[in-house]
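What follows is a set of notes on a single structure, which appears directly below.
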Number of protein chains: 2
Amino acid sequence: MLDNSSNKTEQQILEAAYRVFQKKGRAGARMQEIADEAGINKSMLHYYFRNKDSLFRKIFMQSIAEFLGSVIPMLNNVETTWQEKISDFIAHYNTFLTKRPDLPLFVMNEINQHPDEFFNQLQIENILMHTVFFNQLSAAAERGEIRTIHPIQVFVTMLSNIVFPFIAAPIIKKVAAFTDSNWEHFMEDRVRITKEIIINYLEKV
Amino acid sequence: MLDNSSNKTEQQILEAAYRVFQKKGRAGARMQEIADEAGINKSMLHYYFRNKDSLFRKIFMQSIAEFLGSVIPMLNNVETTWQEKISDFIAHYNTFLTKRPDLPLFVMNEINQHPDEFFNQLQIENILMHTVFFNQLSAAAERGEIRTIHPIQVFVTMLSNIVFPFIAAPIIKKVAAFTDSNWEHFMEDRVRITKEIIINYLEKV
DNA sequence: TTTTGTTTCAACCAAATGGTTGAAATTTTT
DNA sequence: AAAAATTTCAACCATTTGGTTGAAACAAAA
């Protein structure tokens with residue numbers, strides 16, 4: 001197997017390692033546990049990844065790519081209105097996080113622990129403020145069609161209302177006594193309400 | 001010094017330990033580093049706290065108490081309307097988190113890592129759903145004064161819009177190129193917008 | 001002054017853990 | 001079939017780290 005991408009064992013390791021890192025943290029994760037979780041032994045683990053740090057970095061960068069990559073293109077779509085973008089963004093993010101519910105906490109946590117490592121490797125300064133979405137909002141405000149509000153406030157509102165519930169999911173589920181089915185229904189409601197809340201607010205000039 | 005509470009050294013340890021635990025995580029934190037940060041030596045640290053675990057638990061429970069304690073009473077105030085409660089809650093939480101900006105991530109992280117330990121020690125099932133605030137919202141909906149919406153959605157919306165920005169602060173600051181002063185202004189705006197957004201939405205029957 | 005509690009210091013220990021090694025077996029590629 | 005890459009196994013090592021110990025200095029309370 002010379003093909004260096006899409007190796008089965010490597011994939012098993014990455015998936016297992018993500019689970020362990022997410023649950024135990026970068027320092028709390030154990031190489032032995034990752035090996036067990038992947039169904040291999042420690043030698044094999046080191047055969048594929050030099051050490052714990054490089055393994056973690058690979059997984060973290062993959063996570064970041066997923067986290068950001070599924071979002072930014074949507075905000076730069078030139079064929080949709082800002083209303084559609086808001087709607088699409090919220091719905092899409094909810095669907096994505098339903099599949100990867102613990103990604104936000106994992107990412108936020110690592111950025112908190114090693115901000116420099118993160119910001120040095122990823123240039124995120126200009127990816128948001130000059131999106132088509134932000135330009136559309138500014139233009140609409142200029143034309144008096146919507147309230148004058150900094151687009152970043154709109155963006156953070158969208159993000160907050162969808163991402164935070166996933167971060168606080170264990171508490172919300174407990175406090176509201178939700179079953180899994182209740183939770184999904186709750187989040188579907190949330191998607192609808194969040195869209196309405198934001199668009200209502202903006203259009204009420 | 002027989003007085004067991006409010007000991008100066010103990011307080012220094014608790015504050016230092018919080019900083020280290022918050023930055024490095026429960027597993028990544030080092031007893032030596034906590035001692036250094038507190039300006040004492042390791043022997044002294046163990047003189048005050050049996051071990052790392054008991055130290056962590058004490059700090060975590062204190063954090064939880066702060067996190068919840070400053071909130072619940074406000075939602076059970078019988079002298080304010082639901083509109084005032086929303087307004088008070090949002091403003092108060094923002095002020096609180098401005099002083100303890102990294103508390104939410106610390107708490108959420110630990111709940112993610114040891115949910116059972118948390119839920120066994122703290123009965124949070126009934127503290128929210130039967131608050132005066134929730135009753136007021138239900139009654140207002142029944143009278144047709146506001147939209148029919150589950151109060152938990154209102155609550156999660158309040159929480160999301162204020163708490164999440166603090167969790168994502170490093171990213172937001174970078175992406176929007178905020179100075180500290182910019183950030184404070186941004187959050188003041190957020191408080192106003194969040195109040196308006198929620199109350200507008202509810203009252204538009 | 002005596003006793004009790006607090007703090008420092010330096011050395012020490014046992015366990016956990018990341019990582020290595022090297023030989024052998026197995027699989028895949030050529 | 002030969003060569004190269006993958007996988008297993010078990011033992012091993014160096015370092016880190018949580019925690020201990022005990023003696024001595026210091027401070028506070030009785």
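Letters A, B, ... mirror the listed sequences (proteins, then strands); counts begin at 1. Values below: all heavy atoms of this structure, side chains included; hydrogens, waters and symmetry mates excluded.
The distance from atom CG of A:D53 to atom P of C:dG18 is 11 Å, rounded to the nearest whole Å. Rounded to whole angstrom, the span from the NZ atom of A:K8 across to the P atom of D:dT6 amounts to 15 Å. The interatomic distance linking A:F49 (CZ) with C:dG18 (C1') rounds to 16 Å, in whole Å. Whole-Å rounding puts the B:R50 CZ to D:dG19 P distance at 11 Å. Taking atom CG of B:N41 as the reference point, atom C1' of D:dG18 lies 15 Å away to the nearest angstrom. Between the CZ atom of B:F56 and the P atom of D:dG19 there is a distance of 14 Å, given to the nearest Å. The OH atom of A:Y48 sits 18 Å away from the P atom of C:dG19 (whole-angstrom rounding). Atom CD of B:Q12 and atom C1' of C:dT6 are 13 Å apart (whole Å).
Between A:Y47 and C:dT20 there is no side-chain polar atom (N or O) within less than 4.0 angstrom of OP1 or OP2.
B:E188 and B:N94 form no side-chain donor-acceptor contact under 3.5 Å, judged by distance and modelled atom types alone. Side-chain polar atoms of A:Q32 and A:D36 form a donor-acceptor pair below 3.5 angstrom. A:R190 and A:N161 share a donor-acceptor pair across their side chains, judged by distance under 3.5 Å alone.
One finds no salt bridge joining B:K24 and B:E37 here, because no Lys/Arg side-chain nitrogen approaches an Asp/Glu carboxylate oxygen to under 4.0 Å. With respect to A:D189 and A:R192, a salt bridge is recorded, a charged nitrogen being found less than 4.0 Å from a carboxylate O.
Because its NZ or CZ atom is both nearer than 6.0 Å to the ring centre of B:F119 and within 45° of the ring axis, A:K174 counts as a cation-pi partner of that residue.
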- Message: For nucleotides 21-26 of chain D, give me one character per nucleotide, 5' to 3': B if any protein heavy atom sits under 4.0 Å from the base, S if the only such contacts are to the sugar-phosphate, - if neither.
- Response: B-----
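In this structure, the nucleotide among C:dG19, C:dT8, D:dT20 sitting nearest to the side chain of B:H46 is D:dT20. Nearest to the side-chain atoms of B:M44 among the listed nucleotides D:dT8, C:dT7, D:dG18 stands C:dT7. Listed nucleotides C:dT8, D:dT7, C:dT7 differ in distance to B:T9; the shortest reach to its side chain belongs to C:dT7.
Within the 4.5 Å cutoff, the side chain of A:E117 has heavy atoms near those of the A:R57 side chain.
Within residues 14-39 of chain A, no residue is approached by DNA chain D to less than 4.0 Å at the level of any non-hydrogen atom.
Less than 6.0 angstrom separates the ring centroid of A:F89 from the ring centroid of A:F155.
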What pairs of donor and acceptor atoms, side-chain ones from residues 99-107 of chain B against any protein atom, are under 3.5 angstrom apart with sequence neighbours left out?
| from | atom 1 | to | atom 2 | distance (Å) |
| --- | --- | --- | --- | --- |
| B:R100 | NH1 | B:E66 | OE1 | 2.8 |
| B:R100 | NH1 | B:E66 | OE2 | 2.6 |
| B:D102 | OD1 | B:Y18 | OH | 3.1 |

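Contact of A:K42 with C:dG19 (side chain to base): a donor-acceptor pair of N or O atoms is detected under 3.5 Å.
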